[in-house]
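Data first, discussion second: the structure below is written as structure tokens.
The figures that follow rest on heavy atoms only: side chains count, while hydrogens, waters and symmetry mates do not. Here the structure is a predicted model, which means the values were calculated and not measured. In listed order, ligands and their atoms are each counted from 1.
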Amino acid sequence: FMIVASPCALVLSTMPPLLSAIANAGRHGVLVKSAVVLEKLSTVTHVAFDKTGTLTEGSPRLVPIRPVPDAAVDDAELLALAAAAENPSEHPLARAIVAAARDAGLTLQPVEDFGSTPGHGVRARIGEDLVEVGNPTLLPAVREIAHEMVDDLEQTGHTAVVVRTDSTVVGVLGLIDQARHAAADTVAALTTLTGARPLLLTGDNPQAAAALAAPLGITEIRAGLLPEDKVSAVRELEADGAKVMLVGDGVNDAPAMAAATVGVAMGRAGSDLALDTADAVITRDDLSTIPAVVALARRARRLVIANLVIAATFITVLVAWDLFGHLPLPLGVAGHEGSTIIVGLNGLR
Ligand code: ADP
Ligand code: MG
């Protein structure tokens with residue numbers, strides 16, 4: 001009785017499928033941080049994507065450089081100023097601006113008192129001047145003319161950032177990024193898998209967000225979000241019973257990742273905070289691994305349930321047989337060990 005009633009098979013029902021799935025995901029470029037995360041992955045009903053660096057390549061091109069006409073800086077000076085202030089930042093827009101300045105052969109001045117605010121932009125002291133580069137909707141006192149320049153750029157799907165020195169707008173930079181090649185297929189696969197279209201949560205302007213999302217088949221777009229707005233968007237969905245997976249790369253996505261059922265970070269493009277907060281990391285930034293890992297997690301869950309049923313059935317039958325009939329000891333041992341081996345092997349599939 002002690003042999004057939006001991007729950008070895010039950011104990012072995014869950015870990016082999018979950019650990020095998022974690023190993024399998026790892027081989028295919030997804031680092032799942034724990035077995036609990038894998039279980040949560042199997043329950044995901046909605047997927048929310050960040051834009052810059054997640055759905056896009058994260059290597060935007062700096063296209064137009066537009067100094068404000070009477071600001072006494074030319075294109076090169078404006079770019080040098082913005083690049084110097086952005087130099088310490090790890091944001092994809094910052095890297096693009098710095099790269100453009102280096103390509104143009106400009107030397108970047110050293111900066112002091114650098115600071116960056118997620119979703120807003122950066123500020124730094126260059127010599128005597130306080131230089132700010134960032135989101136046009138959040139830097140106040142953007143003058144009429146700069147407004148028009150920003151609108152022009154945003155109409156054409158650009159991300160516009162304004163450059164100010166000592167609260168005077170000196171110019172606007174336009175950046176454009178392209179979608180990752182696997183983005184459209186990933187959106188389609190996730191729609192089929194979860195039965196709900198993925199949504200886009202971005203800090204960028206609505207036009208740039210729409211220009212990117214439409215060709216990918218994303219219809220629900222929330223733009224102009226600060227990090228805390230991304231958290232509210234996730235909480236709102238979860239309050240309606242959704243289990244949200246948030247995929248992002250930036251410091252600005254980390255709070256929403258923590259609020260979501262599962263947070264997923266882009267391994268290469270991702271900032272340290274995003275990587276640390278995330279429950280899973282896509283190590284090669286290959287978006288197509290997202291639907292694959294959800295499907296894998298669901299399969300692991302099905303195996304766990306099958307194993308629990310197998311183990312419980314063996315134990316019940318053997319115990320009943322022993323109590324109410326006559327179970328020969330060798331058969332009891334074979335049944336007990338046999339069921340343990342069956343669930344172990346089944347889990348390893
Ligand atoms: P996303 O949610 O698409 O990843 P972010 O929240 O990182 O976008 O950025 C939102 C907006 O904030 C950008 O479109 C830009 O206007 C501004 N911004 C954020 N960081 C920077 C930066 N380092 N330099 C310039 N602008 C920035
Ligand atoms: Mg981002």
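- Donor-acceptor pairing under 3.5 Å is lacking for the side chains of Thr56 and Gln178.
- Among protein heavy atoms, atom 1 (P) of ligand 1 sits closest to Asp50 OD1, 3.0 Å.
- Between Ser116 and ligand 1 there is no heavy-atom distance shorter than 4.0 Å.
- Under a 4.0 angstrom heavy-atom cut-off, Gly134 registers as being in contact with ligand 1.
- Judged by distance alone, the side chains of His28 and Asn24 do bring a donor and an acceptor atom under 3.5 Å apart.
- Put simply, NE2 on His158 and CD1 on Ile176 are 4.0 Å apart, with the number rounded to the nearest 0.5 Å.
- The N, O or S atom of Asp249 with the smallest distance to the Mg ion (ligand 2) is OD1.
- Taking atom 21 (C) of ligand 1 as the reference point, the nearest protein heavy-atom neighbour is Gly121 CA, 3.6 Å.
- For atom 16 (O) of ligand 1, the nearest protein heavy atom (residue, atom name, distance) is Asn135 CA, 3.2 Å.
- Between Arg66 and Glu148 no salt bridge is recorded (no basic side-chain N to carboxylate O distance below 4.0 Å).
- The protein atom (non-hydrogen) at minimum distance from atom 9 (O) of ligand 1 is His91 NE2, 3.8 Å.
- The shortest N or O to N or O distance between Asn252 and ligand 1 is under 3.5 Å.
- Panel note: side chain Asp103, backbone Ala100; no donor-acceptor pair is recorded below 3.5 Å.
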Intermediate values then yes/no, side-chain hydrogen bond (donor to acceptor under 3.5 Å, both in side chains), Thr165 and Asp129: CA-CA 6 Å; Thr165 54; Asp129 299 326; 5.6 Å; no

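- Close contacts between ligand 1 and Thr159 involve ligand atoms 14 (O) [criterion: under 4.0 Å to a heavy atom].
- Comparing Asp253, Leu93, Val133, Leu212 by heavy-atom distance to atom 13 (C) of ligand 1, the nearest is Leu93.
- The Mg ion (ligand 2) does not have Asp253 among its coordinating residues (no N/O/S atom, backbone or side chain, under 2.8 Å).
- For Asp74 (side chain) and Ala76 (main-chain N/O), a donor-acceptor pair under 3.5 Å exists by modelled atom type.
- Of the candidates Val161, Asp204, Val150, Asp204 brings a heavy atom nearest to atom 14 (O) of ligand 1.
- The heavy atom nearest to atom 12 (O) of ligand 1, considering only Gly119, Pro88, Gly203, is found in Gly119.
- When Leu190, Leu216, Asp253 are each tested for a side chain to side chain contact (heavy atoms under 4.5 Å, CB included) with Phe49, only one passes: Leu190.
- The Mg ion (ligand 2) has an N, O or S atom of Thr52 inside 2.8 Å of it.
- When heavy-atom distances to ligand 1 are checked against a 4.0 Å cut-off, His120 comes that close only through its backbone atoms N, CA, C and O.
- Side chain to side chain, Arg349 and Ser20 fail the donor-acceptor criterion of an N or O pair below 3.5 Å.
- Under the 3.5 Å distance criterion, the side-chain polar atoms of Arg197 are matched with a main-chain donor or acceptor of Gly217.
- The protein heavy atom nearest to atom 23 (N) of ligand 1 is Glu86 OE1, 3.1 Å.
- Closest approach between the Mg ion (ligand 2) and any N/O/S atom of Asp50 involves OD2.
- Residue Ser89 approaches ligand 1 through these ligand atoms, each under 4.0 Å from one of its heavy atoms: 23 (N).
- In summary, the atoms of ligand 1 found under 4.0 Å from a heavy atom of Val122, numbered by their order in the structure, are 23 (N).
- The line from CG of Leu175 to CG of Leu62 is 5.0 Å long, rounded to the nearest 0.5 Å.
- Near Thr202, the atoms of ligand 1 lying under 4.0 angstrom from a non-hydrogen atom of the residue are 1 (P), 2 (O), 3 (O).
- Between Arg125 and Asp113 there is a salt bridge, since at least one side-chain N of the basic residue sits less than 4.0 Å from a carboxylate O of the acidic one.
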